[in-house]
Amino acid sequence: MSPEDPIAKHFRLAHAQAAALRKLGLATIRELLYHFPARYEAQGSESSTRELVAGTKVTLYGTLSKLKAKKLWKSRRAITEGWFEDATGRVKCMWFNQPYIASYVSDGSFVRLAGTVGGSEKSPYIANPEFEVVPPGSGPAGGGGTCRRPAGLFEKIPTHGSGLRQNVGAKNSVIPVYPESRGITSLWFYHAIRRVCGSGAHKNIEDPIPENIRKKYHLPDLATALLYIHTPEKKGHAEAARKRFAFEEIFIMQTVRAQERALNDSQTPFRISDGGAHAEKFLESISFPPTRAQSRAIADILKDFSGAHPMARLLEGDVGSGKTLVAAAVSYAVISNRRTFPRESATVPHSSASLQVAYMAPTEILATQHFQSFIEYFRHLPINIALITGSGCWKFPSKVARGKPTAISRTQLLKWVENGEIAMVVGTHALIQKSVKFQNLALAIVDEQHRFGVNQRKALIRRTDAVVPHFLSMTATPIPRTLALTLYGDLDISVLDELPPGRAKVTTKIIKKEQRSEAYESVRRELAVGRQAFVVCPRIEEPDPEKMNALQARSAKAEAKHLQKDVFPEFKVGLLHGTMAQKEKDNCMQDFVSGKIQILVATSVVEVGINVPNATVMMVEGAERFGLAQLHQLRGRIMRSSHPPHCFLLPETFGQVSSKRLKALEKNDDGFKLAEADLETRGAGDLLGRRQWGISDIGMEALKNPRLIQAAREEAFALVREDPALEKHQELAARAAMVSRALHSE
């Protein structure tokens with residue numbers, strides 16, 4: 001069979017099985033081979049039917065016969081029954097909801113069968129056992145041979161044909177367990193993949209990792225690795241194969257990033273002259289000095305501005321580390337430059353125009369807040385600033401309201417942006433609409449960039465002429481280095497690893513159910529001296545009463561009513577969530593900022609960027625439902641002033657894993673250390689959205705291996721420098737193109 005053949009061509013699939021394979025994204029033999037086991041189970045001790053003990057795992061050698069599929073009389077549940085027989089006796093075998101088993105093996109075939117004994121001593125049976133056809137004579141008395149145990153990623157291990165038994169029916173000590181979907185079982189994959197490997201189809205797939213790289217890191221070739229991972233004779237074989245496929249996945253993703261970076265570096269940027277002098281002038285105009293980390297980041301960006309290619313940089317900073325100040329300083333350096341055009345140019349009405357900056361935020365609340373921040377930074381400077389969102393447009397300074405922004409028509413704003421009169425434009429997704437045209441967009445900044453799709457980010461820096469804007473991506477979500485190198489391999493990275501002076505240290509406490517009243521009293525004391533509080537809930541609405549057992553988490557709507565009526569009647573309680581109309585959101589936030597609302601009950605919509613220095617209390621209901629990074633972001637909302645902040649975590653359940661995570665937050669306020677802990681306990685998908693990046697379970701495992709990530713990155717970038725179009729590496733080119741399409745699909 002060919003790796004590109006449809007699975008259905010070689011397997012008789014029931015409707016439910018075909019649907020399950022589609023749900024898992026498996027259509028071809030190649031894709032089936034890349035459906036790796038989720039885990040492995042050790043086989044039981046080799047035994048005989050005469051020695052069966054209920055509850056024990058056993059491995060038996062003998063014949064399987066009289067398999068017959070039927071339905072149980074009462075439940076109509078599908079069941080396949082058969083008899084296993086060896087020299088000492090026989091035992092009944094049953095497979096539930098697996099009618100295809102009867103067609104998988106010829107009557108009287110010699111098999112190795114592994115499973116758990118059920119029933120009683122007098123009437124034992126084996127339910128849902130794993131089995132495979134093996135040559136007669138295999139088993140305890142038949143030898144079967146052994147294979148050399150593979151070592152770690154960077155140690156030499158046997159490759160195809162050297163030390164690995166190619167017989168798929170060879171004796172294995174572990175059994176693969178595959179990810180399932182409704183309608184298809186692990187056992188189906190177990191036998192289907194064995195049939196594929198038995199046909200030799202796994203040998204017909206070209207290896208995307210070049211041979212010289214495999215030899216350098218002692219990685220098995222693809223055919224060998226597929227056998228290692230699907231038919232391991234020992235656990236060590238599977239571990240070696242998973243490391244090889246982890247390297248493969250990261251290597252291909254890094255190849256895509258290397259190609260993207262090469263494309264970026266081939267383009268012509270806007271040149272920013274005297275950037276250092278302009279940034280220094282801006283920093284002298286504010287009332288506080290930058291931190292050393294901010295100064296380093298500004299220097300990194302200004303150096304990029306003078307380079308031969310457009311900047312592509314990620315600015316990563318913990319909560320409250322001052323990314324907006326960095327953005328303001330480098331934006332001023334850009335805006336202070338003018339682009340000169342030839343006097344004979346017919347397309348430009350004047351000989352020069354100010355360079356422009358676009359700043360895109362993921363929500364209207366955050367965009368509006370940044371608009372206000374830039375007004376404060378640039379209030380004393382001759383800079384026109386605009387805000388464009390789905391709700392409307394505003395401009396500063398105003399000709400009708402001195403010192404305040406004014407609402408203007410969208411048509412007028414777009415005209416001023418296109419002719420260059422507006423130097424800085426802040427906005428949401430509205431910035432990437434085709435109607436928004438810049439005259440001289442020299443710098444594009446994307447805040448909390450992981451909340452945007454790849455195409456949305458690229459749309460902001462789309463080419464309007466031969467010159468390409470510099471690109472600065474910012475995130476307040478601390479990212480472990482291995483993850484940053486993988487997901488943002490096309491970007492240089494600057495890190496803000498210190499907080500501005502004067503910020504009070506946060507106190508975090510896990511609140512058990514019996515301590516809730518004490519937490520409320522702590523909140524009341526803060527409110528009594530004029531402070532404010534956030535209460536964050538994991539859901540908006542109460543669940544359907546009939547489904548209450550499925551989810552007991554408190555809802556924002558119900559909690560707001562409860563707090564206002566029963567707990568804090570003397571204070572004003574507000575409500576904010578994502579399904580509210582934008583005007584309602586704006587009014588609610590304005591009331592909270594002005595102090596009219598003392599307690600704001602919200603969903604995680606307040607996670608990023610909300611800046612209310614007077615808020616010193618954060619209560620998180622159902623805290624176990626949030627990732628560590630997300631909880632740290634929420635906690636960051638109250639780390640905005642010199643007033644001591646208090647964060648109360650109120651979990652609904654307190655299991656072993658959630659307890660470990662929440663205690664890590666209780667003891668640590670360093671976002672980067674917490675991100676590493678989150679990667680260890682929950683995986684990268686909880687940090688940045690697994691679906692967006694399409695990283696598999698094996699890829700996730702690789703993120704915990706810095707040596708592997710660095711090796712894959714170095715090899716990918718070196719290969720792309722030598723062969724930019726991957727003309728000499730066709731299989732790698734095909735795989736990289738597939739990954740690139742997945743990353744760019746919206």
**Asked** How about F378 and F282: are their ring centres within less than 6.0 Å of each other?
**Response**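 Judged by ring-centre distance (under 6.0 Å), F378 and F282 do meet the cut-off.
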**Message:** Check for me whether the distance between the ring centres of Y520 and F568 falls short of 6.0 Å.
**Reply:**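 Yes, they do, as the ring centres are separated by less than 6.0 Å.
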**Request:** Please work out which of the three classes, parallel, tilted or perpendicular, describes the rings of F374 and Y377, given edges at 30° and 60°.
**Result:**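 Rings of Y377 and F374: tilted, as their planes differ by 30° to 60°.
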**Message:** Ring-plane angle category for Y359 and H370, please: parallel below 30°, perpendicular beyond 60°, tilted otherwise.
**Reply:**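 Judged by the thresholds at 30° and 60°, the geometry between Y359 and H370 is tilted.
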Throw together a table of side-chain donor-acceptor distances under 3.5 angstrom for residues 525-538, partners on residues two or more places apart or in other chains.
unit_1: R525; atom_1: NH2; unit_2: S522; atom_2: OG; d: 3.1
unit_1: E526; atom_1: OE1; unit_2: T616; atom_2: OG1; d: 2.8
unit_1: R531; atom_1: NH1; unit_2: N614; atom_2: OD1; d: 3.4
unit_1: R531; atom_1: NH2; unit_2: H643; atom_2: ND1; d: 3.1
unit_1: Q532; atom_1: OE1; unit_2: N614; atom_2: ND2; d: 3.0
unit_1: Q532; atom_1: NE2; unit_2: F592; atom_2: O; d: 2.6
unit_1: Q532; atom_1: NE2; unit_2: I597; atom_2: O; d: 2.8

**Message:** Going by salt bridge (Lys or Arg N to Asp or Glu O under 4.0 Å), name the pairs with one or both residues in residues 364-391, residues two or more places apart or in two chains.
**Reply:**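 Applying salt bridge (Lys or Arg N to Asp or Glu O under 4.0 Å) to every pair that reaches into residues 364-391, excluding sequence neighbours, yields E376-R379.
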**Message:** According to salt bridge (Lys or Arg N to Asp or Glu O under 4.0 Å), does anything in residues 506-520 pair up with another residue at least two apart or in another chain? List the pairs.
**Reply:**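 Found R516-E621.
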Using the side-chain hydrogen bond (donor to acceptor under 3.5 Å, both in side chains) criterion, which residues pair with [X]? Sequence neighbours excluded.
X	result
T508	R635
D497	R296
H577	T579

For [X], all residues meeting side-chain contact (heavy atoms from CB on, under 4.5 Å), sequence neighbours excluded:
X	value
S517	none
Q564	K572, V573
T653	E624
A423	I335, S354, I383

**Item:** F571: partners by ring pair (Phe, Tyr, Trp, His ring centres under 6.0 Å), with sequence neighbours left out
**Value:**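 If we apply the ring pair (Phe, Tyr, Trp, His ring centres under 6.0 Å) test to F571, skipping adjacent residues, there are no hits.
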Side-chain polar contacts of residues 404-414 - donor-acceptor pairs under 3.5 angstrom, sequence neighbours left out - could you list them?
unit_1: S409; atom_1: OG; unit_2: Q412; atom_2: N; d: 3.1
unit_1: R410; atom_1: NH2; unit_2: Q433; atom_2: OE1; d: 2.4

**Request:** Of all the heavy-atom pairs spanning Y332 and S336, show the shortest one and how long it is.
**Result:**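 Heavy-atom minimum between the residues: O-OG, 2.7 Å.
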